[in-house]
2 protein chains.
Amino acid sequence: MTPTDTARDAPRACFIAAGLEVLGERWALLALREMSLGVHRFDQIARNTGASRDILTSRLRTLESHGVIERVQYSEHPPRHEYHLTTSGAEIAPILISLAAWSSTWMRDETPRASYRHSCGADLEPVLTCAECGEEFRPGSLMLGPLVSTADPVPVNQQRQI
Amino acid sequence: MTPTDTARDAPRACFIAAGLEVLGERWALLALREMSLGVHRFDQIARNTGASRDILTSRLRTLESHGVIERVQYSEHPPRHEYHLTTSGAEIAPILISLAAWSSTWMRDETPRASYRHSCGADLEPVLTCAECGEEFRPGSLMLGPLVSTADPVPVNQQRQI
DNA sequence: CTGAGTCGGTTTGATTTTCCAACTAACTTG
DNA sequence: CAAGTTAGTTGGAAAATCAAACCGACTCAG
């Protein structure tokens, strides 16, 4: 049994699968994209993503329940809320950036699309490096590590802020 | 009209949305994860992801039609194929890595899960930097750029290999 | 040669999700 | 007072997904 095998019948439980349970539902990443771009209100998020309102409601509740976004009240009467990224939510930026960069390299077609830039003004050309060794992550440099659960202490700088 | 607004009724056409059309369908990223880990056969991909066989078939066809993976024949009688990442497919690694890193920071709970490492042996701690200015991408450093289509020349080092 | 097993699917029918348009409640604005 | 705004909810149809069974073309053990 090599390290990449799993038991005969159990899907591989890994952090990629876990992340997708929250971020992988339809419209979730697009809603987070909007908040990253400074759009915080329900109607505008619905329009800019194209999600139907009922599904968007459901996604925002899921994201909120996982601490990725929070509802911030901006009106008392009637009660009205804006959606804002938490620290956890802001840290999905590398996912969006990697996705945008991949897509702008490989998904070009006749459709005109908004591209993205780094705040320095340059076209998006992100480089992913390993904080430990400083080397760039090359395709194939992703390896399986050990099983991890809450029993393992979480570094203080990575503790969840709600 | 600020740069983050779209027309009253049109969703924002951007490269994030475009990428999600291919990579955002259920099971697509998990299938690509398996191929990244060296699992190339239908049955094993189905088992390791948990996808049902019919929708996995459909996903693999979609990924193939977008040039993200390719079918490689490994048996003539009966005809049997393995699924392999193309160059384009291998370059989704930063997306998977960013997702795994985010998830291992923010999605810890009682469930034991496989973690990932860089090939140097270190725990996954990726840093995303701008190739142009060398600065790290910070949350909020993603800005909208201009509209782009195929009319724009694609850099030679980014041309699609099939 | 027979029977079991493997592999990569396809088929079937039930379940779940998503979509869309309309509707609502509680306001604000002209 | 009528119209508009905002953040949803509701209902019914359409689409996607699910699980399990089935299939054809093989291989392999006995």
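Note: hydrogens, waters and symmetry copies are ignored here, and every other heavy atom, side chains too, is used. If you're wondering where the values come from, they're calculated on a predicted model, not measured in any experiment.
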Rounded to whole angstroms, how far apart are [atom1] on [X] and [atom2] on [N]?
X	N	atom1	atom2	value
A/Arg41	D/dG8	CZ	P	12 Å
A/Arg80	D/dT5	CZ	C1'	8 Å
A/Arg47	C/dC19	CZ	P	18 Å
A/Leu56	D/dT10	CG	P	16 Å
A/Asn48	D/dA7	CG	P	13 Å
A/Gln44	D/dG8	CD	C1'	16 Å
A/His40	D/dA7	NE2	C1'	17 Å
A/Ile55	D/dA15	CD1	P	15 Å

Taking only side-chain N and O atoms of B/Trp27, does any of them lie within less than 4.0 angstrom of OP1 or OP2 on D/dC18?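 Looking at the OP1 and OP2 atoms of D/dC18, one of them is under 4.0 Å from a side-chain N or O of B/Trp27.
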Look at B/Tyr74 and C/dG8 and indicate whether a side-chain polar atom (N or O) is within less than 4.0 Å of OP1 or OP2.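 Yes.
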Protein N or O to nucleotides 9-13 of chain C N or O, pairs below 3.5 Å:
from	atom 1	to	atom 2	distance (Å)
C/dG9	OP1	B/Arg61	NH2	2.9
C/dG9	OP1	B/Arg71	NH1	3.3
C/dG9	OP2	B/Tyr83	OH	2.5
C/dG9	N7	B/Arg53	NE	2.8
C/dG9	N7	B/Arg53	NH2	2.6
C/dG9	O6	B/Arg53	NE	3.4

Side-chain donor-acceptor pairs under 3.5 Å in residues 134-148 of chain A, sequence neighbours left out?
from	atom 1	to	atom 2	distance (Å)
A/Glu136	OE2	A/Arg138	NH1	3.1
A/Ser141	OG	A/Arg138	N	3.0
A/Ser141	OG	A/Arg138	O	2.4

Would you indicate whether the side-chain heavy atoms of B/Cys133 and A/His118 approach each other to under 4.5 Å?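 A/His118 reaches B/Cys133 side chain to side chain.
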Decide yes or no for B/Glu25 and B/Thr62: does some side-chain heavy atom of the first lie under 4.5 Å from some side-chain heavy atom of the second?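 A side-chain contact exists here, since the closest heavy-atom pair is under 4.5 Å.
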Atom pairs under 3.5 Å, N or O on each side, protein against nucleotides 28-30 of chain C: can you list them with distances?
none

A/Gln73 atom CD, neighbour heavy-atom count above 12 within 6.0 Å: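 Yes, enclosed.
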Crowding at CD, A/Glu132 (>12 non-hydrogen neighbours, <6.0 Å):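 12 or below, so no.
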Contacts of type side chain to side chain donor-acceptor pair (under 3.5 Å), residue B/Ser52, not counting sequence neighbours: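 With sequence neighbours excluded, B/Ser52 shows a side chain to side chain donor-acceptor pair (under 3.5 Å) to B/Asp54, given in chain and number order.
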Partners passing salt bridge (charged side-chain N to carboxylate O under 4.0 Å, His left out) against B/Arg80 (at least two apart in sequence or in another chain):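 Counting only residues at least two positions away or on another chain, B/Arg80 forms no salt bridge (charged side-chain N to carboxylate O under 4.0 Å, His left out).
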B/Arg53: which residues meet the salt bridge (charged side-chain N to carboxylate O under 4.0 Å, His left out) condition with it, sequence neighbours left out?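 Counting only residues at least two positions away or on another chain, B/Arg53 forms a salt bridge (charged side-chain N to carboxylate O under 4.0 Å, His left out) with B/Asp43.
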Should the pair A/Arg33 and A/Tyr116 be classed as cation-pi, given the thresholds of under 6.0 Å to the six-membered ring centre and 45° from the axis?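 That pair does not qualify as a cation-pi contact.
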Here's a test of your reading of the structure: between A/Pro79 and A/Arg59, which maps to the more 5' nucleotide of DNA chain C?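 The residue closer to the strand's 5' end, by nearest nucleotide, is A/Arg59.
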